[in-house]
Amino acid sequence: MAEKPILLGIDLGTTNTCVAYVRNKIAKVVPSDRGALILPSVVAMSEKGDLLVGNVAKDQMVVNPRNTIYGAKRLIGRKYHSKVVQDIKHYFSYEIVEGVDGECAVMLAGKVYSLPQISAFVLQHCKRVAEATLGHPIQEAVISVPAYYNDNQRTAVKEAGSLAGFKVRRIVNEPTAAALAYGLNRGFDHKVLVYDLGGGTFDVSVLQIHGNVMEVLATGGDTFLGGVDFDNRIIDHVLEEFRNETKIDLTQSPVAMQRIKNAAEAAKIDLSLLSNVVIELPYVADRRGKPVDLRIPLSRERLNTLVMDLVDRSFALVDQVMGEKNLSKAEIAEVLLVGGQTRMPLVQGKTHQHFGKPPRKGVHPDESVALGAALLAESMQEIDSVTLVDALSMPIGFAMPGGRFRKVIEKNTQIPAQRSFRLPQAKEGKMQDLDVFQGDSDKIVDNEYLGTLKFPPEASGQRVSFNLDEECLLHITVEGLSPDARPQEVMLATQDTPEALKAAWQEESERRQKAAESTPAERPKGILASIRKVFGSE
Ligand code: ADP
Ligand code: MG
């Protein structure tokens with residue numbers, strides 16, 4: 001009998017990537033020469049022009065910062081001119097540029113790479129290691145993404161998978177994967193809360209497990225709260241202590257800063273096991289030609305006070321997410337801790353305190369998402385084995401006059417989902433545009449631009465449906481375009497510069513504001529006029 005093909009489950013993390021597979025119904029992390037296959041999500045080009053992935057890439061980051069790409073997950077599927085990218089691009093040591101279609105791209109050794117290409121290097125590496133260690137060619141994979149990822153980001157991750165040579169069987173939300181790893185085939189019927197504190201992001205989701213049906217009830221978090229913030233608190237503390245002791249300011253020395261950064265993270269990790277460490281960096285500076293060493297003791301207690309507000313913030317978010325669905329703590333049967341930073345005793349202690357019970361034992365913080373993705377991949381080969389019911393993490397809708405956001409599908413709507421509305425009557429023979437956005441704000445300028453729908457004249461007054469498929473990918477159909485009256489799928493067209501579009505909306509909304517305060521003669525035209533045409537009136 002031919003052996004069953006091996007499918008991989010891949011947790012493509014902001015900081016680390018983990019790869020798992022299933023054999024004889026048991027999910028395991030792919031072993032590699034350095035232990036389990038968990039590798040830094042880092043890609044670099046060496047001086048000699050060699051492509052480096054994982055640990056080797058991370059190790060040379062200090063000496064080759066411009067050609068070392070990390071944190072790609074923050075940029076993938078985002079527009080270069082989007083607010084997020086413009087806000088964060090200065091924090092990266094490599095160059096972020098505008099690629100095709102206004103997408104974010106990066107410079108690596110003088111060449112422009114798309115983010116899916118960068119992530120594909122990581123995935124390809126995983127594929128190669130997995131094939132070598134398992135002794136089989138591997139074609140298919142399930143890849144996990146954060147629950148809050150929008151349509152563009154999901155599509156981009158799928159593209160990365162294909163570029164790496166995988167048939168991507170499915171994109172799965174990370175908390176759902178973690179819940180699967182915990183609850184598949186266990187016959188549970190209860191609610192769990194997944195608290196995922198990784199390197200750069202915090203995600204919280206509540207799921208209802210009913211046998212092998214995993215249903216996301218609510219989801220939320222903070223995309224800028226994670227392990228690096230903990231490291232930064234230690235870095236600030238170390239810099240201050242050193243300055244007090246020596247009057248030397250190390251912030252001006254990039255090499256010293258990088259060494260402190262590495263030492264801070266290492267100290268933080270050690271303090272998850274030990275109650276005291278000493279941060280030691282010989283020859284971190286020199287004074288009048290003499291080396292100055294850094295030696296700063298740090299206790300777990302002190303670390304806890306340095307980061308307490310970060311942990312408190314995460315639990316405020318937990319309460320917020322539960323509050324949105326009126327969920328009480330008593331209803332949560334288990335709390336699953338996911339993400340490397342949850343190894344910190346303070347996080348575990350606070351979880352216990354907050355919920356009145358300890359977090360669930362036996363959930364592996366680094367591996368459970370990959371294990372869950374692998375279990376899903378495996379179960380997809382069987383019929384009716386698992387049902388995943390996801391919830392939409394951010395509303396989807398379109399732009400209205402004044403830059404307002406009209407939601408079509410609300411947050412936390414169960415997916416697959418379909419919502420429809422009627423397109424207004426357009427003037428005879430005119431095309432209509434509808435700009436589609438996703439986000440929590442009532443103003444479209446703060447939300448993510450997904451694309452523009454261009455409707456032919458005959459769509460006027462017809463029913464438009466937004467359909468989210470099981471992978472949370474958006475499909476849009478409109479009735480009345482074909483003679484047999486079957487709904488036709490329409491594609492989102494990407495404008496050249498979505499930000500120019502947003503800027504125009506913004507400008508228009510400001511002008512409107514002004515106009516409302518001034519004479520009718522100064523009332524704006526332009527975009528407003530064309531929108532009025534689409535929606536009938538203001
Ligand atoms: P991501 O989901 O972003 O890829 P991970 O789940 O791999 O991230 O978490 C990485 C973070 O976990 C890093 O900030 C790392 O310092 C932190 N971390 C790893 N091990 C420990 C530990 N034992 N104690 C505290 N923090 C840890
Ligand atoms: Mg993670």
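All residue numbers refer to positions in the sequence shown, counting from 1. As the structure is a prediction and not an experimental result, all values here were calculated from the model. First listed ligand is number 1; within each ligand, the first listed atom is number 1.
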Q: Do side-chain atoms of R343 reach the backbone of D366 as a donor and acceptor pair under 3.5 angstrom?
A: no
Q: Which atoms of ligand 1 have any heavy atom of G339 under 4.0 Å away?
A: 6 (O)
Q: Give the ring-plane orientation class for F188 versus H190, where under 30° counts as parallel, over 60° as perpendicular and anything between as tilted.
A: parallel
Q: Starting from atom 3 (O) of ligand 1, find the nearest protein heavy-atom neighbour and note its residue, name and distance.
A: T15 OG1, 2.7 Å
Q: Quick one: nearest non-hydrogen protein atom to atom 23 (N) of ligand 1, plus distance?
A: R343 CB, 3.5 Å
Q: May I ask you to identify the nearest protein heavy atom to atom 2 (O) of ligand 1, giving residue, atom name and distance to one decimal place in Å?
A: G198 CA, 4.0 Å
Q: Counting only N and O atoms by type, is there a donor-acceptor contact under 3.5 Å from the side chain of N67 to the main-chain atoms of L108?
A: no
Q: Check this for me: H354, atom NE2, are more than 12 non-hydrogen atoms of other residues, nucleotides or ligands nearer than 6.0 Å?
A: yes
Q: So, regarding K268 and ligand 1 (criterion: nitrogen or oxygen to nitrogen or oxygen, under 3.5 Å), is there a contact or not?
A: yes
Q: Report the distance from atom CG of L51 to atom NE2 of H125, rounding to the nearest 0.5 Å.
A: 10.0 Å
Q: Counting only heavy atoms not in K58 (residues, nucleotides, ligands), do more than 12 fall under 6.0 Å from its NZ?
A: no
Q: Which one of P40, G340, S368 has a non-hydrogen atom at the shortest distance from atom 19 (C) of ligand 1?
A: G340
Q: Atom 7 (O) of ligand 1: which protein heavy atom is closest, and how many Å away?
A: N16 ND2, 2.7 Å
Q: Heavy-atom contacts with G227 under 4.0 Å: which atoms of ligand 1 show up? List them by number with element.
A: 14 (O)
Q: Does G199 reach ligand 1 with a nitrogen or oxygen that is under 3.5 Å from one of the ligand's nitrogen or oxygen atoms?
A: yes
Q: With F202, which of F224, Y148, Y195 fulfils ring-ring contact (aromatic ring centres under 6.0 Å, His included)?
A: Y195
Q: Hey, is Q341 touching ligand 1 through its side chain, its backbone, both or neither, going by heavy atoms under 4.0 Å?
A: both
Q: Give the atoms of ligand 1, by number and element, whose distance to some non-hydrogen atom of G13 is under 4.0 Å.
A: 4 (O)
Q: How far is atom 16 (O) of ligand 1 from its nearest protein heavy atom, and which residue and atom is that?
A: E265 OE2, 2.6 Å
Q: How would you list, by chain and number, every residue that makes a side chain to side chain donor-acceptor pair (under 3.5 Å) with Q258, sequence neighbours excluded?
A: N262
Q: Hey, can you pull the donor-acceptor pairs under 3.5 Å for the side chains in residues 295-303, sequence neighbours left out?
A:
{"unit_1": "R295", "atom_1": "NE", "unit_2": "E280", "atom_2": "OE2", "d": "3.2"}
{"unit_1": "S299", "atom_1": "OG", "unit_2": "R302", "atom_2": "N", "d": "3.0"}
{"unit_1": "R300", "atom_1": "NE", "unit_2": "L271", "atom_2": "O", "d": "2.8"}
{"unit_1": "R300", "atom_1": "NE", "unit_2": "L274", "atom_2": "O", "d": "3.4"}
{"unit_1": "R300", "atom_1": "NH2", "unit_2": "L271", "atom_2": "O", "d": "3.3"}
{"unit_1": "R300", "atom_1": "NH2", "unit_2": "S272", "atom_2": "O", "d": "3.3"}
{"unit_1": "R300", "atom_1": "NH2", "unit_2": "L273", "atom_2": "O", "d": "3.4"}
{"unit_1": "R300", "atom_1": "NH2", "unit_2": "L274", "atom_2": "O", "d": "3.4"}

Q: Tell me: protein heavy atom nearest atom 24 (N) of ligand 1, and distance?
A: S272 OG, 2.6 Å
